[in-house]
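One structure is given here, and the rest of the page talks about it.
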2 protein chains.
Amino acid sequence: MVNTKGGFLVEDGKEVDEDMRRKEKERERQRAVQSLEPPIFLESERNPKCQECGTVDIDQTYRKVFGCLVCNKCKNEKPERYSLLTKTECKEDYLLTDAELRDQELMPHLLKANPHKSTFANMMLFLRCQVEEFAWKKWGSSEALDAEWERRMAEKKKKKNKKFEEGLRELRRRTRETVWQRRKDEEHKHVFGVTEKGANGMGKQVCHECGFTIEVEEF
Amino acid sequence: MVNTKGGFLVEDGKEVDEDMRRKEKERERQRAVQSLEPPIFLESERNPKCQECGTVDIDQTYRKVFGCLVCNKCKNEKPERYSLLTKTECKEDYLLTDAELRDQELMPHLLKANPHKSTFANMMLFLRCQVEEFAWKKWGSSEALDAEWERRMAEKKKKKNKKFEEGLRELRRRTRETVWQRRKDEEHKHVFGVTEKGANGMGKQVCHECGFTIEVEEF
DNA sequence: GCTATTCTAAGACAC
DNA sequence: GCTATTAGAGGGAAC
């Protein structure tokens with residue numbers, strides 16, 4: 001419980017702004033680190049070449065962050081290998097976990113400002129070919145991964161259906177109960193008056209509400 | 001960090017004994033509560049009757065704890081309805097969760113001293129027919145429950161197999177590596193001495209270990 | 001026999 | 001788009 005506002009709940013715009021600026025700077029600093037200290041170093045003094053076309057004009061960011069030697073042109077022409085995936089996409093499409101994606105050594109990733117808001121947590125971008133390699137090793141094969149993905153989809157669908165059915169059943173149950181209750185409420189209960197003398201000499205009782213008459217032995 | 005032993009790490013038998021006694025008493029107290037305040041009250045002033053055979057000689061514990069009217073004889077003759085299950089059995093056999101079993105209102109249970117040790121957590125005993133009713137409602141039907149149980153069994157088996165296969169593969173990999181390493185180790189590395197003058201006027205170098213000789217340009 | 005811990009998954013929410 | 005939270009599941013350890 002830290003509150004330095006002397007008991008007042010002030011939330012003036014200036015303070016909020018400052019807080020935002022602070023957060024924004026922090027995110028920026030985190031991103032900057034990756035440029036200063038690339039996790040992968042290349043020993044060779046020669047100029048590295050694009051592994052696709054051999055040009056020396058390779059993408060330095062890809063080299064530093066992913067240890068991947070590729071030029072801009074090849075990168076754009078082969079998105080099935082060199083496009084970037086957000087962490088969320090990696091989790092959804094390749095069924096990787098938080099822990100696996102968190103580790104920079106295990107799964108290199110490039111930090112970018114969050115497109116929604118610069119104060120939000122940085123976006124983490126992974127190289128598709130590295131993600132695929134890792135995922136296929138993790139799940140056994142590309143097909144096994146697909147199978148697991150389908151399995152989870154089916155599971156989810158089943159759950160949704162079940163919930164829906166349950167809701168329906170519950171609704172029916174309550175409707176039935178309500179109908180039953182109404183019937184019970186509507187069911188007429190005779191309200192008989194005092195015993196009178198009937199035409200045949202027997203006693204009779206008449207319902208005040210519907211006129212229904214019963215014969216009774218005594219009156 | 002509570003340590004009232006003045007810096008010394010004493011663990012004399014007397015103290016341990018006292019601690020045990022305290023725990024034992026606590027467990028006993030917990031169990032006693034259920035006898036004092038049965039969660040279910042019966043309104044009728046008449047003597048309740050066994051729902052199986054009609055005798056008035058019903059089991060009072062079953063009545064108080066489970067709200068179940070049954071005599072000792074019937075209880076023992078129909079274990080498929082009246083036998084008791086531990087919490088662990090309920091979880092394993094009927095796939096109920098901790099939260100569901102914890103609630104005395106939802107799932108009445110009888111506390112008994114832990115058979116392993118009286119200082120251990122009390123044993124929680126549930127009435128089979130109540131557990132079955134709840135579980136079947138939860139899973140949809142008796143068959144659906146069985147199906148889910150089989151599904152989990154299969155899942156577990158699959159996981160175990162996968163792990164085993166993985167282990168085997170890993171072993172093979174390491175064995176191969178070891179073999180490869182050994183070969184590499186056994187592979188002879190020539191250790192040449194100083195350059196001598198050869199018969200043909202060229203320089204020569206001889207391996208100390210196997211005598212293999214190479215010619216060199218200069219010496 | 002039970003609980004505490006760890007890991008995973010998923011929907012909701014704030015960032 | 002990410003993280004914090006919640007709930008469930010499973011294997012092992014201490015009670």
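Here is how names work: the chains are called A, B, and so on, in the same order as the sequence lines, proteins then strands, and each is numbered from 1.
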Check your understanding: Among all residues two or more places apart in sequence or in another chain, which pass the ring-ring contact (aromatic ring centres under 6.0 Å, His included) test with A:Y62?
Key ->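 Scan of A:Y62 (ring-ring contact (aromatic ring centres under 6.0 Å, His included), adjacent residues dropped) gives A:F66.
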Review point. Hey, where does DNA chain C pair up into stems, meaning at least three consecutive Watson-Crick or G-U pairs with distances under 3.5 Å?
Key: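 Stems for DNA chain C, defined as runs of 3 or more consecutive pairs: C:6-10 with D:5-9.
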Is it true that [X] and [Y] make a salt bridge, defined as a side-chain N closer than 4.0 Å to a carboxylate O?
{"X": "B:R81", "Y": "B:E132", "result": "no"}
{"X": "A:K73", "Y": "A:E52", "result": "no"}
{"X": "A:E148", "Y": "A:R151", "result": "yes"}

Interatomic distance where [atom1] belongs to [X] and [atom2] belongs to [N] [whole Å]:
{"X": "A:F126", "N": "D:dG1", "atom1": "CZ", "atom2": "P", "value": "14 Å"}
{"X": "B:M123", "N": "C:dC2", "atom1": "CE", "atom2": "C1'", "value": "11 Å"}
{"X": "A:E89", "N": "D:dG1", "atom1": "CD", "atom2": "P", "value": "7 Å"}

Exercise for review: Take atom CD of B:E133 as the centre, draw a 6.0 Å sphere, and report whether it contains more than 12 heavy atoms from other residues, nucleotides or ligands.
Suggested key: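 Not buried by this count: 12 neighbours or fewer within 6.0 Å.
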Check your understanding: Between A:E89 and A:Y94, do the side chains contain an N or O donor and an N or O acceptor separated by less than 3.5 Å?
Key ->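 No donor-acceptor contact under 3.5 Å links the two side chains.
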Review point. Can you tell me how far C1' in D:dG10 sits from the matching atom in C:dG11, rounded to whole Å?
Key: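 Per the computed distance, 23 Å lies between those C1' atoms.
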Check your understanding: How far, in whole Å, is C:dA10 from D:dG11 if one measures between their C1' atoms?
Key ->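 It comes out at 23 Å once rounded to the nearest Å.
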Check your understanding: Nucleotide by nucleotide, 5' to 3', does protein get under 4.0 Å of the base (B), only the sugar-phosphate (S), or neither (-) in nucleotides 3-15 of chain D, counting heavy atoms?
Key -> B-----S-----B
Practice item. For the pair B:N114 and B:K117, evaluate side-chain hydrogen bond (donor to acceptor under 3.5 Å, both in side chains) and give the outcome as yes or no after the intermediate values. Key: CA-CA 6 Å; B:N114 195 306; B:K117 213 156 189 299; over 6 Å; no
Exercise for review: Measure from the side-chain N and O atoms of B:Q104 to the backbone N and O of B:H109, and report whether any donor-acceptor pair falls under 3.5 Å.
Suggested key: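 It does hold such a pair.
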